[in-house]
Novice: 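Below is one structure. I have some questions about it.
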Amino acid sequence: MGNDRAAWGTIANLLPSCLPQVPKYNGVRLFLPAFPFVAIVAAAGFVWMLRPLQRWADAHLAGAITAPAKKLALLLVVALLIGPLVATAATH
């Protein structure tokens with residue numbers, strides 16, 4: 001699915017809920033159909049931001065990243081993700 005289709009899917013699902021005459025009840029159920037499209041748009045934005053960083057890292061850090069640095073980076077990622085994972089597990 002193209003990014004333009006995902007953007008239009010997001011707009012088509014969210015716009016009717018944003019109109020002034022639409023009642024604002026049922027909470028998240030109004031937005032459930034839009035969540036897959038929002039996820040696709042978010043992933044596309046992440047990739048769009050990641051590509052220039054990857055090119056810069058390839059040009060400036062070629063061979064500079066050692067095995068201990070990779071292990072440290074992995075440890076930091078796990079440390080950043082453990083809090084939200086524990087909170088999600090406690091909720092469910």
Novice: So, for Ala6 and Ile40, which heavy atoms are closest and what is the spacing to 0.1 Å?
Specialist: CB-CG2, 3.4 Å

Novice: Taking side-chain contact (heavy atoms from CB on, under 4.5 Å) as the test, write out the residues that go with Leu50, two or more places apart.
Specialist: Phe46

Novice: Got a sec, which hydrophobics cluster with Leu81, joining ILVMFWY side chains under 4.5 Å apart, including via others?
Specialist: Val77, Leu85

Novice: Residues sharing Met49's hydrophobic cluster, by side-chain heavy-atom contacts under 4.5 Å among ILVMFWY, directly or via others?
Specialist: Trp48

Novice: With sequence neighbours excluded, what pairs up with Leu32 under the side-chain contact (heavy atoms from CB on, under 4.5 Å) test?
Specialist: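 Here the qualifying residues are Arg29, Phe35.
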
Novice: What's the shortest heavy-atom distance between Pro33 and Pro36, and which atoms?
Specialist: O-CD, 3.5 Å

Novice: If you measure from CZ on Phe37 to CG on Leu14, what distance do you get to the nearest 0.5 Å?
Specialist: 10.5 Å

